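Beneath this line is the structure, given in structure tokens, with notes to follow.
Order of the sequence lines sets the chain letters (A, B, ...), proteins ahead of strands, with each chain counted from 1. A quick note: this is a predicted structure, and the numbers were derived from the prediction, not measured.
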Protein chains: 2
Amino acid sequence: MSRSNPRVVSVLERAGGFASAQEVYRLMQREGESIGLTTVYRSLQSLVNDKIVDVLRREDGEAIYRLCGGAHHHHLVCKGCGETIEIEGGAIEKWAKTMAEEFGFRDVGHTAEIFGLCPKC
Amino acid sequence: MSRSNPRVVSVLERAGGFASAQEVYRLMQREGESIGLTTVYRSLQSLVNDKIVDVLRREDGEAIYRLCGGAHHHHLVCKGCGETIEIEGGAIEKWAKTMAEEFGFRDVGHTAEIFGLCPKC
DNA sequence: GCACAAATGAAAATGATTTTCATTTCCATA
DNA sequence: TATGGAAATGAAAATCATTTTCATTTGTGC
Ligand SMILES: [Zn+2]
Ligand SMILES: [Zn+2]
Ligand SMILES: [Zn+2]
Ligand SMILES: [Zn+2]
């Protein structure tokens, strides 16, 4: 059932930072790899499910993907140039845990992102 | 040149939290207000430019808008039944501010959500 | 080879957002 | 009040990422 595609992973590796599904597709085409856009979308979804890939949104709403080091972390993203910094979320982890307990929630996860303009922009 | 539309502002006020352009449009229609979808989009854009309105993205990428200054809060969402609880984010606010300062980011916003299974599920 | 499940991808469908463009509303001035 | 132009409006078409459909191909065990 795992549709995680090693060829897509390889492209993300070479791409370095974030890339959209469309970009991954174009890259593979340019390099002469034969793949369908649908498969790119499915592979990326699968990689996200398997937590091998992070997904965020560009300001225009397009989804962008990136290989994610296993460690849990959060992001500080520049709205101008897209630069992304991985940051510690110690305070968040505690907050999420506290809130979940207070309301009796189990099996809890969370998301947290900060976005603004970096010094260069 | 200001296309900020007081009728759209009024809808956002009544809506309380976040609403997408499509939702604002549907709401106005339901209330018998005559307005075009294009104008809704233009008004919301204008309100964002004038910093009267905040814009975020839903998980599916749809843009959602909210009056600035409406009380800022976060959500605790049940993955099972969808129940949503509005929660305080004091710790987050501080965390976001600290991190942004540390890396010299300006004009900063953030998102934070907790999701899990509520006591009933 | 055979059967059958999973993977693939082309093409169509979807849905939010933007663009076009003709029409209408405002507003200042004669 | 009439008039001319600028700004606002909205219906319809265009755009574009993403999802769905569905027929075909591939892989795997027998
Ligand atoms: Zn930047
Ligand atoms: Zn965290
Ligand atoms: Zn529940
Ligand atoms: Zn907050």
Under 3.5 Å, is there a donor-acceptor pair between the A:Glu62 and A:Ser20 side chains? yes
So, A:Tyr41 versus A:Gln22: side-chain donor-acceptor pair below 3.5 Å or not? yes
Using the side-chain heavy atoms of [X], tell me which of these nucleotides is nearest: [options].
X: B:Ala63; options: C:dT8, C:dT17, D:dT9; value: C:dT17
X: B:Thr38; options: D:dT20, D:dA17, D:dA12; value: D:dA12
X: B:Leu37; options: D:dT18, C:dT17, C:dG9; value: C:dT17

What is the distance from [atom1] of [X] to [atom2] of [N], rounded to the nearest Å?
X: B:Glu23; N: C:dT17; atom1: CD; atom2: P; value: 10 Å
X: B:Leu44; N: D:dG10; atom1: CG; atom2: C1'; value: 15 Å
X: B:Tyr25; N: C:dT18; atom1: OH; atom2: C1'; value: 16 Å
X: B:Met28; N: D:dT9; atom1: CE; atom2: P; value: 10 Å
X: A:Ile64; N: D:dA17; atom1: CD1; atom2: P; value: 14 Å
X: A:Asp60; N: D:dT15; atom1: CG; atom2: P; value: 17 Å
X: B:Glu33; N: D:dG10; atom1: CD; atom2: P; value: 11 Å
X: A:Glu62; N: D:dT19; atom1: CD; atom2: P; value: 12 Å

So does B:Tyr41 get a side-chain nitrogen or oxygen closer than 4.0 Å to the phosphate oxygens (OP1/OP2) of C:dT17? yes
Kindly say if A:Thr39 contacts the phosphate of C:dG9, meaning a side-chain N or O under 4.0 Å from OP1 or OP2. yes
Passes ring pair (Phe, Tyr, Trp, His ring centres under 6.0 Å), B:His110 versus A:His75? Steps please. CA-CA 10 Å; B:His110 63 264; A:His75 294 120; over 10 Å; no
Select base, sugar-phosphate, or nothing to describe what [X] touches, counting heavy atoms under 4.0 Å on all strands.
X: A:Gln45; value: sugar-phosphate
X: B:Ser34; value: sugar-phosphate
X: B:Gln22; value: base

Let's go through B:His72 and B:Glu88 carefully: what are the C-alpha distance in whole Å and the side-chain angles of both, what is the deciding distance for side chain to side chain donor-acceptor pair (under 3.5 Å) to 0.1 Å, and is it a yes or a no? CA-CA 8 Å; B:His72 173 80; B:Glu88 260 285 319; over 6 Å; no
If you find the nucleotide of DNA chain D closest to A:Ala21 and the one closest to A:Arg42, which residue's nucleotide is nearer the 5' end? A:Ala21
Which one of B:Arg14, B:Arg30, B:Arg58, B:Arg66 satisfies the salt bridge (Lys or Arg N to Asp or Glu O under 4.0 Å) criterion with B:Glu23? B:Arg58
